[in-house]
Protein chains: 4
Amino acid sequence: MAVKKGSGGVDAGRLKSFIQRIEKLEEERAGIGADIKEVFSEAKSAGYDTKIMRQVIRIRKMDKADREEQDELLTLYLNAVGE
Amino acid sequence: MAVKKGSGGVDAGRLKSFIQRIEKLEEERAGIGADIKEVFSEAKSAGYDTKIMRQVIRIRKMDKADREEQDELLTLYLNAVGE
Amino acid sequence: MAVKKGSGGVDAGRLKSFIQRIEKLEEERAGIGADIKEVFSEAKSAGYDTKIMRQVIRIRKMDKADREEQDELLTLYLNAVGE
Amino acid sequence: MAVKKGSGGVDAGRLKSFIQRIEKLEEERAGIGADIKEVFSEAKSAGYDTKIMRQVIRIRKMDKADREEQDELLTLYLNAVGE
DNA sequence: CCAACTGAACACGATC
DNA sequence: GATCGTGTTCAGTTGG
């Protein structure tokens with residue numbers, strides 16, 4: 001056996017690698033979360049209402065999702081017609 | 001007036017900039033979320049139990065948080081004594 | 001019709017009962033919250049630093065959660081091996 | 001000294017008692033939280049939309065708070081007149 | 001005013 | 001494939 005394995009047939013090294021990759025990514029994600037918080041903080045200092053800002057962002061996200069849905073629908077129609 | 005403002009005295013351009021920065025960051029964050037999902041998917045294909053993996057990651061995160069809290073607590077104590 | 005129903009086919013009486021049960025429980029919970037607040041208040045009057053107390057409680061809670069998660073993880077492993 | 005004290009002048013026994021009382025109360029509170037969850041679960045099984053139920057409960061709570069505020073205001077007025 | 005805690009919404013995976 | 005339960009994440013509230 002080239003690779004060390006436990007009785008369960010689990011390659012611990014590979015598992016560890018997976019877990020570390022995920023932990024690394026989660027750290028990055030948390031870092032970005034901190035960045036976002038900072039931007040809100042800046043905006044607040046500049047006198048903006050962050051609660052409203054959040055609403056704006058949420059609405060824009062929904063609109064975007066809507067538009068993408070519409071696009072998908074359009075594609076569907078076009079494909080249907082193209083047949 | 002050098003900068004265009006609405007009646008509310010809000011600098012719309014600056015607000016827009018803040019919002020766009022946040023939206024950019026949120027996109028990045030979502031991208032990383034997708035990456036994480038992929039790694040789990042890979043691990044699953046390699047025969048690992050993702051449920052267990054998640055639990056392991058959660059415990060490791062809690063351990064880490066625990067240690068950090070202990071440090072904070074120590075600092076608190078020291079400050080309290082220092083008074 | 002034995003039971004009065006609205007046009008939506010919803011048994012209003014039963015719904016009301018559910019909601020009242022929940023509201024009752026939420027009141028109880030709020031009451032306990034008030035009790036907790038009082039204890040903190042007492043402790044503060046006795047000269048203790050509530051900030052430190054909260055941190056201690058938080059850490060103890062995390063430790064406990066940690067231990068429970070470890071147990072769950074062990075169970076998961078055993079089940080995985082048992083297959 | 002009747003009671004054992006550390007150098008910081010902290011009565012550890014009393015502190016411990018406070019913390020245990022709080023932890024006990026928090027457990028009770030968590031128990032009630034679990035009960036609430038169960039009721040929602042029951043309601044769901046009975047075919048009710050829990051999301052809407054939550055809204056109803058929230059609105060009723062706000063109404064109640066409103067009414068209490070009105071009562072306080074009324075009391076204030078009555079007291080003012082009574083003087 | 002900042003930070004922690006709580007509760008709600010969402011998204012994902014598991015199961016039938 | 002759809003529904004169900006669960007876990008994660010986000011917004012709101014409260015306390016320091």
Side-chain angles (χ1 to χ4, degrees), chain A residues 22 25-26 29-30 32-34 36-38 40-45 47 49-59 61-62 65, chain B residues 22 25-26 29-30 32-34 36-41 43-45 48-59 61-62 65 68-69 72-73 76 79-80, chain C residues 22 25-26 29-30 32-34 36-41 43-44 48-59 61-62 65 69 72 76 79, chain D residues 22 25-26 29-30 32-34 36-38 40-59 61-62 65:
Chain A
I22 290 167
L25 288 167
E26 289 197 341
R29 185 165 59 171
I32 294 178
I36 291 173
K37 226 162 129 181
E38 262 190 68
F40 272 116
S41 185
E42 259 187 75
K44 187 170 193 170
S45 300
D49 184 327
T50 57
K51 194 171 167 183
I52 293 179
M53 283 178 65
R54 285 176 196 278
Q55 282 181 347
V56 169
I57 290 166
R58 193 160 52 242
I59 290 169
K61 206 185 302 187
M62 283 178 59
Chain B
I22 290 167
L25 289 167
E26 288 197 340
R29 186 165 57 171
I32 294 177
I36 291 172
K37 226 160 116 180
E38 262 190 67
V39 178
F40 271 116
S41 184
K44 187 169 194 171
S45 300
Y48 295 104
D49 184 327
T50 57
K51 195 171 171 185
I52 292 179
M53 285 178 65
R54 285 177 196 277
Q55 192 109 350
V56 169
I57 290 167
R58 204 177 324 136
I59 290 174
K61 203 185 307 184
M62 287 185 63
E68 282 164 3
E69 297 248 307
E72 282 179 47
L73 183 57
L76 269 178
N79 287 338
Chain C
I22 291 167
L25 288 168
E26 290 198 338
R29 186 166 56 174
I32 293 178
I36 291 173
K37 227 160 116 179
E38 263 190 65
V39 179
F40 271 116
S41 184
K44 188 169 192 169
Y48 295 103
D49 184 327
T50 56
K51 194 171 171 185
I52 292 179
M53 284 178 66
R54 285 177 195 278
Q55 192 108 349
V56 169
I57 290 167
R58 204 178 324 136
I59 289 173
K61 203 185 306 186
M62 287 186 64
E69 297 250 307
E72 281 178 47
L76 269 178
N79 286 338
Chain D
I22 291 167
L25 289 167
E26 288 197 340
R29 185 165 59 171
I32 294 178
I36 291 174
K37 226 162 128 181
E38 262 190 67
F40 271 115
S41 183
E42 259 188 77
K44 185 171 194 171
S45 300
Y48 296 103
D49 184 327
T50 57
K51 195 172 168 183
I52 292 179
M53 284 178 66
R54 287 177 195 276
Q55 283 179 349
V56 169
I57 291 167
R58 194 160 50 242
I59 289 170
K61 204 184 305 184
M62 284 177 58

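Chain naming here is simple, since letters A, B, ... match the order of the sequence lines and numbering starts at 1 in each.
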Separation of C/I36 CD1 from D/R29 CZ (nearest 0.5 Å): 4.0 Å
Atom pair CD1/CG of B/I52 and C/N79 - distance to nearest 0.5 Å: 8.5 Å
Nucleotide E/dA4, atom P - distance to CG of B/L73 in whole Å: 14 Å
Phosphate-side-chain proximity, B/K37 and E/dC12, N/O vs OP1/OP2 below 4.0 Å: yes
Atom pair CG/NZ of D/D49 and D/K44 - distance to nearest 0.5 Å: 8.5 Å
Rounded distance in Å - CD1 (B/I32) to C1' (E/dA11): 18 Å
Whole-Å distance separating the CE atom of B/M53 from the P atom of F/dG7: 17 Å
Distance below 4.0 Å between B/K44 side-chain N/O and E/dA14 OP1 or OP2: yes
A/R58 vs F/dC10: side-chain N/O to OP1/OP2 distance below 4.0 Å: no
C/K61 NZ to C/R54 CZ distance, which is reported to the nearest 0.5 Å: 10.5 Å
A/K37: side-chain hydrogen bond (donor to acceptor under 3.5 Å, both in side chains) partners, not counting sequence neighbours: none
Length of the line joining C/K61:NZ and E/dT6:C1', which is rounded to integer Å: 10 Å
Value in whole Å for how far the C1' atom of F/dT8 lies from CD of B/Q55: 14 Å
N/O (side chain, C/R54) to phosphate O (OP1/OP2, F/dG16) under 4.0 Å: yes
Sugar-phosphate, base or nothing in reach of A/K51, heavy atoms under 4.0 Å: sugar-phosphate
Toward the 5' end of DNA chain F, by each residue's nearest nucleotide, A/R29 or C/F40: A/R29
D/E26 CD - E/dT6 P separation (whole Å): 7 Å
Between P of E/dG13 and CD1 of B/I52, the distance in whole Å: 17 Å
Nearest-Å distance for atom pair CE/C1', residues A/M62 and E/dA11: 16 Å
